[in-house]
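To start, the structure under review is shown below, and the notes come after it.
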Amino acid sequence: MKNISKTAVRTEGNTASIVKKGKWKQTLIYLFYPVGVVRIWRSKAKIWVKLMYSIFVLPVFLLIAVYSSIVLFGAFLPKLDRTVGNRTDKTIVNKEGNYSATFVKTGTETNNAYELVQVELEPNGGNDWHYHTSFVEEFTVIDGKIRIGKNGDEVMLDKGQTTSANKTDMHYFKNALDKKSVLLVKVTPAAGLEKTLRVAYGLINDGLLKNDMTENPWHMCLLLGYSESYLQGMPGWFQEPLISALAKIAQWKGEDKELTKYYM
């Protein structure tokens with residue numbers, strides 16, 4: 001009797017396992033819309049269930065298909081070129097507000113160990129929440145007062161004070177004064193900071209970047225790709241592959257050719 005009981009328990013367990021696997025297979029089938037829509041219309045489900053599935057699952061499937069296609073295509077493209085030509089101009093000026101950025105040490109000069117840039121910030125100017133995955137940023141106030149946000153907290157830095165944002169730290173910096181402040185930014189290891197600033201300032205001066213958005217959307221993808229900047233509000237697993245792929249696609253399309261005058 002004991003053996004029979006054990007056998008019955010094992011049989012019930014195996015049956016439950018098979019049923020669970022069957023349910024998972026059915027779920028996966030319905031997630032693949034072209035097969036799922038055929039299956040559901042052949043089933044005995046109520047008409048309203050069939051209609052709801054057909055109408056509401058289609059946009060989800062299309063979104064997943066488009067996203068997957070972009071990321072997969074981008075995976076086969078060459079790496080994004082973050083290099084800069086042999087420029088002798090160490091200081092660039094944003095003519096919109098007459099504020100400058102000075103490349104104290106470039107990646108070329110440090111063998112890509114780090115980049116060091118001195119940035120003038122307009123009154124209350126700065127950037128919004130974002131993060132990076134492959135480099136650390138160190139901020140030192142040269143003049144004025146800077147508000148630094150990091151992982152939901154804020155600190156106020158006065159002249160001579162320093163703080164840093166590690167990889168994946170969500171952060172921002174803003175001028176806390178109604179007059180110009182100066183911030184020294186160190187990026188370790190060197191990334192695409194110089195190229196990002198040269199392109200951004202160039203686009204602003206030509207009236208092609210306004211309200212944090214470029215006239216050409218592909219240029220925005222390139223700027224995000226050069227600086228490897230990811231934004232608040234979207235999960236990293238979604239936006240990191242997408243931004244990387246879109247930037248490489250923009251490069252493949254030759255959209256960066258219009259930008260070469262700013263950094264070569």
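These numbers were taken from a predicted model, which means no experiment stands behind them.
For the atom pair OG1 of T163 and CD1 of I146, the computed distance is 12.5 Å after rounding to the nearest 0.5 Å. Put simply, OH on Y201 and CG on N94 are 5.5 Å apart, with the number rounded to the nearest 0.5 Å. Rounding to the nearest 0.5 Å gives a distance of 5.5 Å between CH2 of W218 and CG of L246. Distance CD/E194 to OG1/T108: 6.5 Å, rounded to 0.5 Å. Rounded to the nearest 0.5 angstrom, E109 CD and Y114 OH are separated by 8.5 Å. Considering NZ of K174 and CG of D128, their distance stands at 4.5 Å, rounded to 0.5 Å.
In terms of hydrophobic clustering, with Ile, Leu, Val, Met, Phe, Trp and Tyr side chains grouped at heavy-atom distances under 4.5 Å, V66 and V60 are assigned to different clusters. Linking Ile, Leu, Val, Met, Phe, Trp and Tyr whenever their side-chain heavy atoms come within less than 4.5 Å leaves V119 and V199 in two separate clusters. Both W48 and V57 belong to a single network of hydrophobic side chains, linked directly or stepwise wherever heavy atoms of I, L, V, M, F, W or Y lie under 4.5 Å apart. Residues L259 and L208 share a hydrophobic cluster, clusters being chains of Ile/Leu/Val/Met/Phe/Trp/Tyr side chains in contact below 4.5 Å. Both W41 and M52 belong to a common hydrophobic cluster when Ile, Leu, Val, Met, Phe, Trp and Tyr are linked at side-chain heavy-atom distances under 4.5 angstrom.
Ion pairing between K195 and D256 fails under the 4.0 Å rule for side-chain N and carboxylate O.
Judged as a ring pair (Phe, Tyr, Trp, His ring centres under 6.0 Å), and not counting sequence neighbours, the contacts of F135 are H132.
In this structure the side chain of I142 never reaches within 4.5 angstrom of the side chain of L183, judged on heavy atoms. Looking at heavy atoms from C-beta onward, W237 lies out of side-chain contact with L242 at the 4.5 angstrom threshold. Between Y172 and E154, the closest side-chain pair of non-hydrogen atoms falls below 4.5 Å. Using a 4.5 Å heavy-atom threshold, the side chains of E120 and V182 count as touching. Residues D178 and N124 have side chains in contact (heavy-atom distance under 4.5 Å, counting atoms from C-beta outward). Between L197 and V117 there is a side-chain heavy-atom pair separated by less than 4.5 Å. Between Y262 and D206 the shortest side-chain heavy-atom distance falls below 4.5 Å.
With hydrogens and angles disregarded, a donor-acceptor distance shorter than 3.5 Å links the side chain of Q251 to the backbone of K79. In this structure, the side chain of K248 engages the main chain of G74 through a donor-acceptor pair within 3.5 Å.
Across all non-hydrogen atoms, the minimal contact from W129 to N151 is CZ3-N, 3.8 Å. Heavy atoms only, all atoms of each residue included: G225 and L80 are closest at C-CD2, 3.4 Å. Between E228 and S134, the closest heavy-atom pair is OE2-OG, 2.7 Å. In terms of heavy atoms, L177 sits closest to G144 at CD1-CA, 3.7 Å. The two atoms that bring G85 and M264 nearest to each other are N-SD, 3.8 Å, heavy atoms only. Nearest heavy atoms, A113 versus T188: O-CG2, 3.6 Å.
Around CD of E215, the count of heavy atoms belonging to other residues, nucleotides or ligands within 6.0 Å does not exceed 12. Heavy atoms of other residues, nucleotides or ligands lying less than 6.0 angstrom from CG of D89 number more than 12. Environment of NZ in K179: sparse, with no more than 12 heavy atoms of neighbouring residues, nucleotides or ligands closer than 6.0 Å.
Ring planes of W252 and F73: perpendicular class, angle over 60° (limits at 30 and 60°). Ring geometry, Y263 versus Y226: the interplanar angle exceeds 60°, so the pair is classed perpendicular (tilted spans 30 to 60°). By the 30° and 60° cut-offs, the orientation of the rings of F238 relative to Y67 is parallel.
Side-chain contact check for T110 and E115: no donor-acceptor pair (N or O, by modelled atom type) lies under 3.5 Å. Side-chain N/O atoms of N216 and T214 include no donor and acceptor closer than 3.5 Å.
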Determine, step by step, whether L222 and H219 satisfy the side-chain contact (heavy atoms from CB on, under 4.5 Å) criterion, reporting the C-alpha distance in whole Å, the side-chain angles of both residues, the deciding distance to 0.1 Å, and the verdict. CA-CA 5 Å; L222 286 166; H219 291 166; 4.3 Å; yes
Can you list the steps and then say if I92 with R198 is a side-chain contact (heavy atoms from CB on, under 4.5 Å)? CA-CA 7 Å; I92 57 176; R198 287 188 181 277; 3.6 Å; yes
Hey, mind stepping through L184 and V104 against side-chain contact (heavy atoms from CB on, under 4.5 Å) and telling me if it holds? CA-CA 9 Å; L184 190 65; V104 181; 4.2 Å; yes
One pair to check against side-chain contact (heavy atoms from CB on, under 4.5 Å): N98 and V93. What are the steps and the verdict? CA-CA 6 Å; N98 198 32; V93 178; 3.6 Å; yes
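Screening E240, Q232, H171 for a side-chain hydrogen bond (donor to acceptor under 3.5 Å, both in side chains) with Y131, the sole residue that qualifies is E240.
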